[in-house]
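Down below is the structure, laid out as structure tokens.
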Number of protein chains: 2
Amino acid sequence: MDATSGSARVTARRAATRETILAAAWDLAREDGLTVFTMRDLAARVGMRAPSLYEYFSGKDAIYDAMFAQGNRAFLAAVRALPGPTEIGARASLIGAARAFLDFATTDPVRFQLLFQRSIAGWEPSPEAYAPAIEAYELMRVHLGVTGVTDQRSLDLWTALTSGLAHQQVANDPGGRRWHDLVDDVVDLFLAHLTHDPEGSTHDGRP
Amino acid sequence: MDATSGSARVTARRAATRETILAAAWDLAREDGLTVFTMRDLAARVGMRAPSLYEYFSGKDAIYDAMFAQGNRAFLAAVRALPGPTEIGARASLIGAARAFLDFATTDPVRFQLLFQRSIAGWEPSPEAYAPAIEAYELMRVHLGVTGVTDQRSLDLWTALTSGLAHQQVANDPGGRRWHDLVDDVVDLFLAHLTHDPEGSTHDGRP
DNA sequence: GTCTATACTGTGATAGAC
DNA sequence: GTCTATCACAGTATAGAC
């Protein structure tokens, strides 16, 4: 990109400093809370004064945005690492996907809060930061497609089931396994639903 | 309670002013966001200056606490209004309960956010404000008990299913019906689960 | 280029006059 | 009870030292 190797080196240095700041921001968010840590706290953590942070991020919201992007890339990587249904079968594949989601949620509740519980005052993620989330969703759609799920209703059902487990686990049994241990049951329910409703009917004729 | 009718009248006046302030707080929360409105905004809404609010609430957190208590009493009332399974049958009863929860969530998303998505910075509700939530949960436990659900696993499954639908609906289709329309399916899945697993086994021998 | 000192605005909260 | 004045602290803008 840059015309000289000098400015390329500067660019790399800037990127490294940005990473340092982001890592410190994650630490502070996990220690004090996502919205509790201050720009002065964060600056002190990396050996700066608050105004210096604005050389690397346009503001606190931009830091949240970069954290959101980082978290979403980690989530996308976790989804990409899932074995496909063709390799291990539909049931094992769905169980793996659900477990991965629960693991992702419980491993770092603050990250889960940032990514999946839109909870920061006036902030919302930029389209670029959100892009990996869309990609992960599309990947999950393909994943389910291989198991025979093609209708939107079943896909919505799947997201409701998994997000319900994750939310309850994080909110009501942090660090525990109460809802995590329901994953197998939930997958079997989902599979039963597919068997009875292969094309996602609207149930007009239900008794 | 008070020794004189004069102080009783004062107490009633204070309670009325508290209600006025709370109503204005709900309005502002719905307009600007739960954590966005300021004490000065709120005071102006009721014709006061900010410091006067501290005569009625010890601080902003106390206002959140009173709002939380109010919201939870409304939720408890909604749960109490549900027809029991003995009157309309298990399936209709569960559908009614789930629909009521989704309605409660979508009718006032800000209230849902306050009650069910613990999202305010350092705040958490007082035990007194939380008490109606426990009562509603116990009522729901009785509700499910009549339909034959007595084990904790199935109860946890039920809360995961309904909260998953509600969260997805509020987060991804506010004002719409996408997850709301899945209630009947989810109830049928839940009932199928009960049929196959009447005592909430731990599935040690599952193939 | 990178960082600092300084300062501005707005927040929740408090002290004390009336 | 309600006010004015003020506090400490937040995020952030700017000007300039090195």
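Labels below follow one simple rule: chain letters A, B, ... track the order of the sequence lines, proteins then strands, and each chain is numbered from 1.
The two residues Leu165(A) and Ala160(B) have their closest heavy-atom pair at CD2-CB, 3.8 Å. Minimum heavy-atom separation, Ala50(A) to Arg40(A): CB-CG, 3.8 Å.
Checking side-chain atoms of His167(B) against main-chain N and O of Ser163(B) turns up a donor-acceptor pair under 3.5 Å.
If Pro51(B) and Asp41(A) are placed on DNA chain D by their nearest nucleotide, the residue sitting closer to the 5' end is Pro51(B).
Here CZ of Phe112(A) is found 9.5 Å from OG1 of Thr106(A). Values are rounded to the nearest 0.5 Å.
The cationic atom of Lys60(A) (NZ for Lys, CZ for Arg) lies less than 6.0 Å from the six-membered ring centre of Phe37(A) and within 45° of the ring axis.
Between Phe116(A) and Phe75(A), the two ring planes are perpendicular [angle over 60°; tilted spans 30° to 60°].
One interatomic measurement links the two molecules: OH of Tyr54(A) to P of dA5(C), which rounds to 16 Å at whole-angstrom precision. Atom CZ of Arg49(B) and atom C1' of dA13(C) are 17 Å apart (whole Å). For the pair Phe57(B) CZ and dT14(C) P, the interatomic distance rounds to 16 Å; values are reported in whole Å. Regarding Arg40(A), its CZ atom lies at a distance of 13 Å from the C1' atom of dT11(C), rounded to whole Å. Put simply, CD on Glu55(B) is 13 Å from P on dA15(C), counting in whole angstrom units. Atom CG in Leu53(A) sits about 12 Å away from atom C1' in dT4(C), given to the nearest Å. The interatomic distance linking Leu42(B) (CG) with dG12(C) (C1') rounds to 12 Å, in whole Å.
Taking a heavy-atom distance under 4.0 Å as the criterion, the stretch of DNA chain D touched by chain A extends 5' to 3' from dA10(D) to dT14(D).
Among the heavy atoms of the strands lying under 4.0 Å from Thr38(B) are primed sugar atoms or P, OP1, OP2 only; no base atom is included. When heavy atoms are screened at a 4.0 angstrom cut-off, Arg14(B) is found touching the sugar-phosphate backbone but no base atom.
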